[in-house]
Chemist: 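A single structure is presented below for examination.
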Amino acid sequence: MNTQYGALRNGRKLLGTALAVVLLIAAVASVDTARAESPNDILVIASPAIKVKSITVEDLRDMFLKKRTNWSSGEKVVPLNVADNAKLREEFRNAVLEMSPSEEQSYWQIRKIKEGDSDPPALGNVLKAVFKLRGAVSYIYRSQYKAGVTNVLLVLPNGSK
Amino acid sequence: MMIRFLLGILLAVLLFVPVGRAQQPPGSATDQAAPASETPSPSGPSQPQTADLEKRVAAAESEVKEQKAQNAELKATVDQLKGRMDESDHAAETALIGMGEEEFKQRLEIYGFMDAAFYYYDFEKKTITASLSPSDPSFSVNHVNLYFSGQMERTLSALAEIQYTFLPNGKDKTYAVLGNKYSATDTTVMSTYDWARFPTHSLAIERAIVTWKPYDFLGITVGRFITPFGIWVTDHAPTVTIPARLPYLIVSSALPLSQTGLQLFGRLFPFTNSYFDYALTLSNGRGPGEAIFDLDNNKAIGLRLKGSYETKHFDASVGGYIYSGMYTSVTKGTKPNATAEEALVIVVNPSERYKELSGALDLTIDIYGLRLQGEYCRQMRKYSVRPIIKFAVFEVEDMNGGHAIDAISWYTYGLAAYRIPFKLAGQEMELTPFTLYEYNKIRYSYPKITIDGFRFGLNFKPSPFLVVKYESVKMTLDGVETPVTPAMVTRYWFHSGQVAVSF
């Protein structure tokens, strides 16, 4: 009798553990599949000639602030901004440069005087420019992206890091 | 029983969680109620109803045709506008890209900075040193610097920085002492065209360099470059430096501020947010005409190392520069009591020569707006040809001071500032109170002097292009006791308001 009771208790414990594990797996799986791609994701794109598969936010910041001027593959970096007043520019500035517009302007004023460097140019159609210019890097919304034209090195979901 | 109950729960969870996500999103076609529609009566439509239906269908078809035509017109207009936008986009990009070439070229850029100030020296003791500056409040324009910057290729660039100055017009030339008359420099000229009189001014070439930089870790600069030491000398513009007035370390050129020669430089990235910079310099060193010629066969070498770590709220850097060179000044003339043959030869004799070994250390820390900055320079001179010693500060020969001696001089300053950002009328601005202390021991001059100073001030940036500064500086110039020391030592306050703009 005692042996039967003991076996029953062990069985319940085992089942309870299995149930908890299964519920946990189901919860994690449900979170994963709930995040969908958004058209407002920012894609960091680079020219097809660059043999680089990904980039960190820190390296990207260095490139757009001209603290780093070469890709890891050796090519010269050509950073390209979108128009000053575009929402995309503001989101990129917040997420990657971590500067306000005034701080960015101050940074370039100082850098011009100390190093003779200029800020990256701002273009209307960065997708075309990135495709054409060797070493170029820029950023667009996912909704503007055309697959196969340029490399995507980094995704900033909804404009965040 | 219990086991069956739990198994039941498990099955329920596994079945209903994925099924819940498979539900169609709201607004899908199947969710919408089917629109009400007319259904034909079981006995079939009557003739008046059919005619009515046909009329309505025809009207609908005609409306659809009309809308299609309008849409086509609108599409054509949109395509035309798109075409025009594409053309202007393309024109802008072509200017940058270069008519379909894949190379990226920038145009020549011209920019610069300038500053105007109102200043007042209040000398507690009016000694000879007080004659260096006016004792009446004065307005001045001190820097008008233009930059000419070009990027010719991806790896090739050029930069020239020219300072325009109103000097030497008005500068003292001689004093009425020892039988001399007072004179000041007067560069006023008169035009032969309209007899208009105007002073001519001058310019100084701060730097003129060509840089080839194929990699981050290796670049070469050739020309007249700013010596890569410290913080202030590379900042150097009033729109960049926090205080207005230069520390004595810079005023006295504790290290040569610029050199003509070549520089190897580069940057490495040891880990995230960190940088390691180096520079190796080779130049004419110091000399009376070192920008364009060297008077000895001893080129100066220097090595710069700097490590820094930079994040949004915390920056720190520490660096050093060591410099070794020779200063030579010469006289040229024929040999005394020369023969007819010897009179045809100009002999060059050194009138001053010393070896120099100097070093500098610099440190900056920026943490949540608080900036701490310091520099230390040490200069060692060893003479092989000793000139008549120079007066302290004036840097002119003292006929009674004997000859120059080997000496070690050192210079240091420490700056503390706190950046307070705020918004006014929608514009981001910055207010930075600061204080600075400096201490300098100059030992190659006569008399040996000590210059120490304390200052405080406010730096206000209403825009990234404009800075307004107020500063009060208390300086003490003291010296080792000599017959001339009482004539030189002084103490003064210097008050100034400065407006600097970059454009």
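Below, chain A is the first sequence line, B the second, and so on; all start at residue 1. Since this is a predicted model, take the numbers as computed values, not measurements.
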Chemist: Do B:E109 and A:K112 have side chains that get closer than 4.5 Å, going by heavy atoms?
Modeler: yes
Chemist: How long is the straight-line distance from CD1 of A:I110 back to OG of B:S502, given to the nearest 0.5 Å?
Modeler: 9.0 Å
Chemist: Does B:L156 have more than 12 heavy atoms from other residues, nucleotides or ligands lying within 6.0 Å of its CG?
Modeler: yes
Chemist: For the interface with chain A, which of B:E161, B:M429, B:E310 has the highest count of heavy-atom pairs at distances below 4.5 Å?
Modeler: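 Maximum pair count with chain A is reached by B:E310.
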Chemist: The test is side chain to side chain contact (heavy atoms under 4.5 Å, CB included); show your working for B:Y275 and A:R68 and say whether it passes.
Modeler: CA-CA 10 Å; B:Y275 313 94; A:R68 182 190 290 264; over 6 Å; no
Chemist: For the OG atom of A:S102 and the CD atom of B:Q427, what is their distance to the nearest 0.5 Å?
Modeler: 6.0 Å
Chemist: If we only count heavy atoms from C-beta on, is the B:T272 to A:T56 side-chain gap below 4.5 Å?
Modeler: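 Result no, sub-4.5 Å side-chain heavy-atom pair not found.
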Chemist: Would you mind listing every ring pair (Phe, Tyr, Trp, His ring centres under 6.0 Å) that reaches into residues 95-115 of chain A, with sequence neighbours excluded?
Modeler: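 Residue pairs passing ring pair (Phe, Tyr, Trp, His ring centres under 6.0 Å), neighbours aside: none found.
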Chemist: Taking the side chain as C-beta and beyond, is there a heavy-atom pair between A:Q109 and B:F113 under 4.5 Å?
Modeler: no
Chemist: Let me know if A:D62 has heavy atoms under 4.5 Å from chain B in its side chain, its backbone, both or neither.
Modeler: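 Only the side chain of A:D62 comes within 4.5 Å of chain B.
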Chemist: Most heavy-atom pairs under 4.5 angstrom with chain A, which of B:T239, B:D235, B:T311?
Modeler: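 Ranked by heavy-atom pairs under 4.5 Å with chain A, first place is B:D235.
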Chemist: Determine whether B:K312 and A:M99 make a side-chain contact, defined as any pair of heavy atoms from C-beta on separated by less than 4.5 Å.
Modeler: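 They are not in side-chain contact.
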Chemist: Show every salt bridge (Lys or Arg N to Asp or Glu O under 4.0 Å) that has at least one partner inside residues 138-152 of chain A, sequence neighbours left out.
Modeler: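 Residue pairs with at least one partner in residues 138-152 of chain A: A:E37-A:R142, A:D41-A:R142.
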Chemist: I want to check something: taking the side chain as every heavy atom from C-beta on, are B:E428 and A:P101 in contact at a cut-off of under 4.5 Å?
Modeler: yes
Chemist: Go through A:S47, A:A136, A:G74, A:S106 and name the one with the most non-hydrogen pairs under 4.5 angstrom from chain B.
Modeler: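 So the answer, after comparing A:S47, A:A136, A:G74, A:S106, is A:S106.
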Chemist: Is any NZ, NE, NH1 or NH2 atom of the basic residue among A:E75 and B:R154 found under 4.0 Å from an Asp or Glu carboxylate oxygen of the other?
Modeler: no
Chemist: Looking at residues at least two apart in the chain, or sitting in another chain, which of them share a ring-ring contact (aromatic ring centres under 6.0 Å, His included) with B:Y111?
Modeler: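 If we apply the ring-ring contact (aromatic ring centres under 6.0 Å, His included) test to B:Y111, skipping adjacent residues, the hits are B:Y147.
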Chemist: So which part of A:E104 gets closer than 4.5 Å to some heavy atom of chain B, the side chain, the backbone, both or neither?
Modeler: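 Answer is neither: A:E104 stays 4.5 Å or more from chain B.
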Chemist: Tell me the closest heavy-atom pair linking A:I113 and B:H236, and the distance in Å.
Modeler: O-CE1, 4.1 Å
Chemist: Strictly less than 4.5 Å between heavy atoms, which residues of residues 208-221 of chain B line up against chain A? Please order them by number.
Modeler: B:K213, B:P214, B:Y215, B:D216
Chemist: To the closest 0.5 Å, what do you measure between CD (A:E115) and OG1 (B:T234)?
Modeler: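 If I round to the nearest 0.5 Å, the distance is 7.5 Å.
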